[in-house]
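Chain letters run A, B, ... following the sequence lines, proteins first and then strands; every chain starts at 1. Being a predicted model, the structure only gives us computed values, none of them experimental.
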4 protein chains.
Amino acid sequence: MTDDSAKERILCAAEELFAESGFEATPTSRIAERAGVPKGLVHYYFRRKSDLLAALVDRLPDERIEPAAVVVPGDLAGSLRGLVGELDRRFTGSLGLSHLLWREADTHHVVRDALSERFQQLVRLMRSVIVAATGGRLAGADIDNASGLLARAVTHRHATARHTGDDRPAEFDGELTFVANALSARVGKGKPPASAV
Amino acid sequence: MTDDSAKERILCAAEELFAESGFEATPTSRIAERAGVPKGLVHYYFRRKSDLLAALVDRLPDERIEPAAVVVPGDLAGSLRGLVGELDRRFTGSLGLSHLLWREADTHHVVRDALSERFQQLVRLMRSVIVAATGGRLAGADIDNASGLLARAVTHRHATARHTGDDRPAEFDGELTFVANALSARVGKGKPPASAV
Amino acid sequence: MTDDSAKERILCAAEELFAESGFEATPTSRIAERAGVPKGLVHYYFRRKSDLLAALVDRLPDERIEPAAVVVPGDLAGSLRGLVGELDRRFTGSLGLSHLLWREADTHHVVRDALSERFQQLVRLMRSVIVAATGGRLAGADIDNASGLLARAVTHRHATARHTGDDRPAEFDGELTFVANALSARVGKGKPPASAV
Amino acid sequence: MTDDSAKERILCAAEELFAESGFEATPTSRIAERAGVPKGLVHYYFRRKSDLLAALVDRLPDERIEPAAVVVPGDLAGSLRGLVGELDRRFTGSLGLSHLLWREADTHHVVRDALSERFQQLVRLMRSVIVAATGGRLAGADIDNASGLLARAVTHRHATARHTGDDRPAEFDGELTFVANALSARVGKGKPPASAV
DNA sequence: AATGAATGAGACTTCATTCAT
DNA sequence: AATGAATGAAGTCTCATTCAT
């Protein structure tokens with residue numbers, strides 16, 4: 001039941017084109033053309049061009065992932081691998097959008113805010129997965145550090161996916177395992193976070 | 001004895017403005033204005049606007065850091081902290097330029113190439129510092145993984161510096177220490193890389 | 001009921017100005033000015049300047065003349081005089097356009113093609129008139145030669161009309177009569193073209 | 001002993017380029033480039049761009065042909081053929097220049113004047129050859145008409161040489177012979193011009 | 001004499017946006 | 001609600017010309 005309304009088609013076209021050539025370099029006329037709608041309609045729905053960008057951000061798919069869906073209790077490396085796999089899968093489906101956000105974050109705070117929000121959400125997710133997979137026997141600081149590190153690494157990987165012609169997943173798997181091992185080695189050391197008691 | 005030639009002033013103005021508003025959104029006329037030169041001179045030196053971007057990339061300061069300058073033998077955490085400190089210092093000096101590169105990498109391969117090149121260089125640097133600080137008693141895979149992880153994390157931190165209003169250094173220090181600890185815990189495990197024998 | 005639409009006014013202005021100063025030397029802004037329309041409208045109707053030239057060529061009045069309208073059977077000289085008179089009349093109405101075409105033929109094939117097409121048409125017309133006026137008692141070669149000669153002469157005369165401040169018609173009348181006489185002298189000599197049998 | 005001075009090289013380059021793309025469309029910078037001289041030198045020798053055109057016209061090779069060189073006494077057709085052959089030969093050597101003149105005649109009177117002058121000279125030449133080949137037994141009017149007709153035809157042929165991808169000479173030979181025959185048929189009729197007595 | 005830097009007017013073109021219908 | 005005509009500001013870039021050396 002995909003929304004096939006003109007408005008939706010315009011947004012899709014805008015998303016594609018902004019991702020291909022950037023916001024400034026994309027004329028609204030080309031958006032109309034790609035959406036197969038008359039030029040006037042674009043401005044009928046979105047009075048200013050920047051409204052398109054805002055609408056795109058509003059429409060951002062909720063990337064929420066249920067930790068339970070990827071966690072293999074007791075197997076931290078496997079859990080993380082499952083999580084990253086799922087993130088990669090979703091990312092691939094909206095590669096253009098992601099890049100668009102990176103590009104325009106500096107100049108459009110709507111975008112910037114959405115991006116930081118997503119990052120924070122990713123950190124929290126990392127944390128949940130780690131906690132769930134290790135049964136809460138890790139110190140809070142360790143969890144935080146590992147989560148931050150992995151969130152950054154995954155984000156960086158996606159941000160540069162286009163540059164490197166696709167970061168070899170195998171290579172990243174090593175980094176991921178490294179963190180998993182580091183965490184496993186610290187199980188039991190330090191006091192677990194209050195929330196995990 | 002800063003180069004005060006018109007050409008140099010144009011480049012500086014371009015760098016500032018591109019960083020402020022992005023490449024597409026910056027008119028050459030505004031560059032001329034800020035550089036205090038007639039509009040024609042900009043195009044006299046840089047026939048097309050994109051040549052300005054290319055020149056900016058060419059002019060990119062060499063970020064080479066001598067491992068010896070930051071390594072404290074035997075103190076891995078300290079060494080990494082020294083390295084990141086130095087990277088942060090340099091980064092702050094050219095914050096705008098860095099962001100510009102991230103923004104335009106998707107549409108200008110000159111930029112994209114420069115960016116990946118810099119990342120590779122950073123990974124190599126990480127590796128050198130780790131090796132130098134641990135005396136070559138680590139397995140190659142561990143070094144690679146940690147280097148990749150840290151390079152990504154540092155890069156991501158710089159790329160988002162503006163979004164987060166400056167990532168609190170303290171927070172990152174934890175992540176860094178986490179990696180240092182993880183590596184230290186693995187000293188002696190696995191075979192060190194041939195080059196370190 | 002002349003078409004008074006803006007588009008039409010733009011075309012007329014372009015025709016005049018191109019004829020006055022040449023295609024390259026005429027800024028689109030001056031076209032807008034003379035047409036009394038905003039500058040943007042010129043490019044709204046004709047995206048590139050050369051499209052104006054192409055449109056002008058498309059709009060070229062059909063110079064088709066019915067042989068019957070000028071032929072006086074049995075009077076070749078009179079018939080040719082009638083034809084050239086009619087050609088002159090039409091030419092005078094679009095003198096500028098004609099010159100424009102000559103000027104730009106070397107660099108715009110649209111123009112070049114239109115020009116050769118018109119010349120071929122003129123040769124055919126000459127042939128028809130000669131045949132109609134002489135009742136088909138002339139050899140094909142003679143008809144062809146005389147037609148080619150006259151078509152060239154008439155064309156050259158028009159092409160240089162501006163240079164010579166208007167070729168005195170009287171003078172050309174002599175050349176025309178010369179050809180008519182030459183043809184008349186050959187009536188009955190040689191075999192007429194198959195089509196005239 | 002070709003003049004290899006910079007000034008001469010500039011003129012040659014200008015001639016070529018004006019012929020290729022027209023006067024307006026040729027930047028002086030490209031002239032300097034093709035001539036292999038610094039940009040400043042072009043304006044040093046020719047303060048304004050139009051001075052180049054004027055100099056080119058001044059430098060026009062004298063197309064004077066000695067009637068004696070082509071006339072075969074008693075053979076009018078042969079004589080005319082010889083003349084046209086020689087004209088064709090010379091024309092081919094300076095095809096670009098000829099076209100240039102046609103193009104710019106409308107807007108530069110220096111050029112326009114040179115062009116009419118050349119045409120008049122051609123008519124006179126035609127006349128001389130006809131007279132010399134027929135021994136002065138033709139009426140002046142016939143000579144004038146035939147000369148005008150042929151001069152126009154030859155000029156038209158050269159003016160359109162580029163358009164038609166080279167007017168087949170054979171075809172024109174017919175037209176030429178047609179005139180020769182027409183004249184021959186009139187030998188003895190009418191009174192010859194005073195000058196021919 | 002010769003040259004390359006420098007200039008500024010202005011060319012073509014694009015485009016977001018408005019508006020009448 | 002929807003559309004395509006219309007607009008004008010502004011953008012990139014070109015180029016003849018000047019000028020200091």
Taking atom [atom2] of [N] as reference, at what distance in whole Å does atom [atom1] of [X] sit?
{"X": "B/L53", "N": "F/dT12", "atom1": "CG", "atom2": "P", "answer": "13 Å"}
{"X": "B/E33", "N": "F/dA10", "atom1": "CD", "atom2": "P", "answer": "12 Å"}
{"X": "D/K7", "N": "E/dT3", "atom1": "NZ", "atom2": "C1'", "answer": "17 Å"}
{"X": "B/I10", "N": "E/dA6", "atom1": "CD1", "atom2": "P", "answer": "9 Å"}
{"X": "D/I31", "N": "F/dT14", "atom1": "CD1", "atom2": "C1'", "answer": "15 Å"}

### Query
Is there a side-chain polar atom (N or O) of D/Y45 under 4.0 Å from OP1 or OP2 of E/dA2?
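Yes, such a contact exists.
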
### Message
What I want to find out is whether B/R59 reaches B/E8 closely enough, with some N-O distance under 4.0 Å, to be called a salt bridge.
### Response
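Salt bridge flag = yes for B/E8 with B/R59.
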
### Task
Count the heavy atoms belonging to other residues, nucleotides or ligands that lie under 6.0 Å from CZ of C/R47, then report whether that count exceeds 12.
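12 or below, so no.
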
### Query
In dot-bracket notation, what is the pairing pattern of DNA chain E, taking Watson-Crick (N1-N3 plus N6-O4 or O6-N4) and G-U wobble (N1-O2 and O6-N3) contacts under 3.5 Å, with [ ] crossing and | for other strands?
.||||||||||||||||||||

### Query
What string of B, S and - do you get for nucleotides 16-21 of chain E 5' to 3' if you count protein non-hydrogen atoms under 4.0 Å?
SBB---

### Message
Hydrogens and angles aside, do B/R103 and A/T107 bring a side-chain donor and acceptor to less than 3.5 Å of each other?
### Response
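The answer is yes; a qualifying pair exists.
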
Over all atoms of both residues, closest heavy-atom pair of [X] and [Y]:
{"X": "B/R112", "Y": "B/A105", "result": "NH1-O, 3.1 Å"}
{"X": "B/R30", "Y": "B/L17", "result": "O-CD1, 3.6 Å"}
{"X": "C/K39", "Y": "C/A32", "result": "CA-CB, 3.7 Å"}
{"X": "D/L101", "Y": "D/V111", "result": "O-CG1, 3.3 Å"}

